[in-house]
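Comments concern the structure below.
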Amino acid sequence: EDAQSAYNGILANPAGLLTACTVLNKPRMKAVEKSVATAKLLCRAMYGSERVVAQFWDDYFTEAERDDFHAGRGPYRPPHENWRPDFEYLLREDVMAKLFDRAQSADAEDAAA
């Protein structure tokens with residue numbers, strides 16, 4: 001529910017451009033459950049503890065919102081011009097790791113500047 005709330009508040013309409021996650025059905029709950037192992041790793045790196053807290057989801061989806069592709073701003077090219085990320089896509093382990101790596105790189109660049 002923390003992940004759903006953060007996603008809807010940051011990325012979904014009306015705050016963002018993506019479709020809201022209104023129902024936490026079995027497939028969506030499974031997506032959340034599958035993301036927990038990666039979330040624990042990211043929490044350890046970000047907060048020093050593997051405990052996945054609500055703040056993690058806020059921080060994670062805020063980072064996704066900073067990225068045009070993951071926030072629904074594109075660019076999206078044919079034949080996928082109508083595709084947009086959704087709740088389940090953003091919970092994929094590879095997507096989570098990619099966004100975390102990108103945030104870490106951006107933080108390192110900001111520190112060097």
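Note that these values count all heavy atoms, side chains included, but never hydrogens, waters or copies made by symmetry.
Trp57 and Tyr60 have perpendicular rings, their planes meeting at more than 60° on a 0 to 90° scale where under 30° would count as parallel. Classification of the Tyr76-Trp83 ring pair by plane angle, with boundaries at 30° and 60°, yields perpendicular.
Note: Leu41 CG to Phe100 CZ = 9.5 Å, rounded to the nearest 0.5 Å. Here Phe69 contributes atom CZ and Arg102 contributes atom CZ; the two are 9.5 Å apart, rounded to the nearest 0.5 Å. In this structure, Met96 CE and Leu90 CG are separated by 9.5 Å, a value rounded to the nearest 0.5 Å. Glu63 CD to His70 NE2: the interatomic distance, rounded to the nearest 0.5 Å, is 10.5 Å.
A donor-acceptor contact shorter than 3.5 Å is absent between the side chain of Ser5 and the backbone of Glu1. With Arg84 contributing its side chain and Gly74 its backbone, the two residues share no donor-acceptor pair below 3.5 Å.
At a threshold of 4.5 Å between side-chain heavy atoms, the hydrophobic network of Ile, Leu, Val, Met, Phe, Trp and Tyr places Leu99 and Tyr89 in one connected group.
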Please report, to 0.1 Å, the donor-acceptor pairs under 3.5 Å made by any side chain of residues 10-34, with sequence neighbours excluded.
{"from": "Asn25", "atom 1": "OD1", "to": "Arg28", "atom 2": "N", "distance (Å)": "3.1"}
{"from": "Arg28", "atom 1": "NE", "to": "Glu88", "atom 2": "OE2", "distance (Å)": "2.9"}
{"from": "Arg28", "atom 1": "NH1", "to": "Val23", "atom 2": "O", "distance (Å)": "2.8"}

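Residues passing the side chain to side chain donor-acceptor pair (under 3.5 Å) test with Arg51: none are found, sequence neighbours excluded.
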task = May I have the step-by-step check of side-chain contact (heavy atoms from CB on, under 4.5 Å) for Gln55 and Asp58, ending in yes or no?
result = CA-CA 5 Å; Gln55 184 63 44; Asp58 288 336; 4.1 Å; yes
ask   = Lys40 and Val36: side-chain contact (heavy atoms from CB on, under 4.5 Å), yes or no, with the steps?
value = CA-CA 6 Å; Lys40 285 181 177 184; Val36 169; 3.7 Å; yes
